[in-house]
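Positions are given from 1 along the sequence. Numbering of ligands and ligand atoms starts at 1, following listing order.
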Amino acid sequence: ISAWATVPAGPPDPILGITEAFKADKDPRKINLGVGAYRDEHGKPYVLQTVKKAEELVLSQNPGKEYLGITGLPEFTARAALLAYGAESAPLQQGSVSVTQAISGTGALRIGGAFLARHYPHSKEIYVPAPTWGNHIPLFRDAGLDVKFYRYFNKSTVDLDFEGLKADLLAAPEGAIVLLHACAHNPTGIDPTPEQWAVISDIVKEKKLFPFFDMAYQGFASGNTARDAFALRHFVAQGHQVAVAQSFAKNMGLYGERTGAFSLTVSDPEEKARVDSQLKIIIRPMYSNPPAYGARIASAILGDPALYGQWETEVKGMADRIISMREKVYSLLTNDLKTPGEWGHIKSQIGMFSYTGLQTAQTKTLAQKAHVYMTADGRISMAGLNDGNVEYFAQSVDAAVR
Ligand SMILES: Cc1ncc(COP(=O)(O)O)c(CN[C@@](C)(CC(=O)O)C(=O)O)c1O
């Protein structure tokens, strides 16, 4: 009898499984609004011009195929940290940020989860928002943390449940870990205002919680990398110790190159050396060392003022196209189709996604009847919309809600 006779068939991934269903659909009208991968105005995957230039630059330097060190490409990790924390960051200036390359944002979160599970002395509980990116839950559980939730989304107002968020963080056990989406919250597209972030920072300090920022969309939310890092930089300026997971999948379009970084603020360079050594001890048995190509591209962009400027322009261009699609969908539903219900949240939300408020049954009808694919919680990746399919999308939603 096979050793795997008792292995059960597991469910498809709630996000990546949508793309599989979309690919199997042969209807020419089909639209994939599942996975959060940017598409241009023709619905095509988009390789940034800046990335193409950086690739030429990298290849012209004949980097070869040698192993990187366990924590990756040093110039990449230094530049990634500078992008996240900013030049004015005190810990960065004091050499008190431990940073390692990671296998994109997922890998950064996993290293962070493993490090916290092994070395954080106060709690193994991590409070994540309800709802959050689906993969956070199995990822932190598999890393050895105990996943709990704090209220984040108010279904009736389709807005931030700030009262619930405050109450849940105030009720959390002292010293618990709290996961915060730095910007462009996935799946709701709803971010706290700067004033609300200041209140959250005060509560985190009062309860001695440990803030773990997931910054997967820096620059992609507002088009401005500094503005999108406001929450993280405010917390650091307020004296919090933080952990940060960074991804260059979306803001540089390096999805398949798996380029990311994980960092922790520490008390001084001596502590940095101890923390660095423990990060290496976690990574070496996990995957030994990271892929080089994406890190060289990202480093070339972040390290060259001209490329950096061009990159910020391109990432703002992507953010702006998404914002124009938000406005178009809102106008079609509200002014043209007069679709029942309130649709302002589609316009006011920020980043890659819109949390439409469509019920699971409606998302299934949309997939089966209209060939419009989105996650079962009603999240749509706005980038999947363009002038060629946005009318059809709006008509399909209108039919599904009537
Ligand atoms: C909040 C958040 N954190 C981390 C990641 C990890 O991305 P990376 O490992 O590719 O850097 C994603 C990607 N979420 C996507 C865009 C894709 C996915 O689910 O993997 C999404 O569709 O939600 C994310 O939305």
Tell me whether ligand 1 is touched by [X] - counting only heavy atoms on the residue side and a distance under 4.0 Å.
X: N135; value: no
X: F353; value: yes
X: R379; value: yes
X: Y255; value: no
X: K250; value: yes

Does the cation-pi check pass for [X] over [Y], that is, NZ or CZ under 6.0 Å from the six-membered ring centre and within 45° of its axis?
X: R379; Y: F353; value: yes
X: K347; Y: Y330; value: yes
X: K250; Y: Y38; value: no
X: K148; Y: Y127; value: no

Give the residue, atom name and distance (to 0.1 Å) of the protein heavy atom nearest [atom].
atom: atom 8 (P) of ligand 1; answer: S104 OG, 3.4 Å
atom: atom 20 (O) of ligand 1; answer: W133 CZ2, 3.5 Å
atom: atom 3 (N) of ligand 1; answer: D214 OD2, 2.7 Å
atom: atom 10 (O) of ligand 1; answer: R258 NH1, 2.9 Å
atom: atom 17 (C) of ligand 1; answer: V35 CG2, 4.0 Å

Which distance, rounded to the nearest 0.5 Å, do you find between the [atom1] of [X] and the [atom2] of [Y]?
X: Y287; Y: I282; atom1: OH; atom2: CD1; result: 10.5 Å
X: T50; Y: K53; atom1: OG1; atom2: NZ; result: 7.0 Å
X: L385; Y: R39; atom1: CG; atom2: CZ; result: 12.5 Å

List the steps and the verdict of ring pair (Phe, Tyr, Trp, His ring centres under 6.0 Å) for H240 and H234.
CA-CA 9 Å; H240 293 280; H234 177 77; 8.1 Å; no

Determine the sole option in F140, Y120, F210 for which the side chain to side chain contact (heavy atoms under 4.5 Å, CB included) test with I126 is passed.
F140

Kindly assign one of parallel, tilted or perpendicular to the pair H185 and Y152, based on the angle between their ring planes and the thresholds 30° and 60°.
parallel

Under 4.0 Å from a heavy atom of [X]: which atoms of ligand 1 are those, numbered in the order shown and with their elements?
X: A216; result: 2 (C), 3 (N), 4 (C)
X: I15; result: 19 (O), 22 (O), 23 (O)
X: A249; result: 10 (O), 11 (O)

Would you check whether [X] has a nitrogen or oxygen atom less than 3.5 angstrom from a nitrogen or oxygen atom of ligand 1?
X: G36; answer: yes
X: T106; answer: yes
X: G105; answer: yes
X: H181; answer: no

Between L279 and S98, is any pair of side-chain heavy atoms under 4.5 Å apart?
yes

Would you kindly specify which portion of Y217 sits under 4.0 Å from ligand 1, judged on non-hydrogen atoms: side chain, backbone, both or neither?
side chain

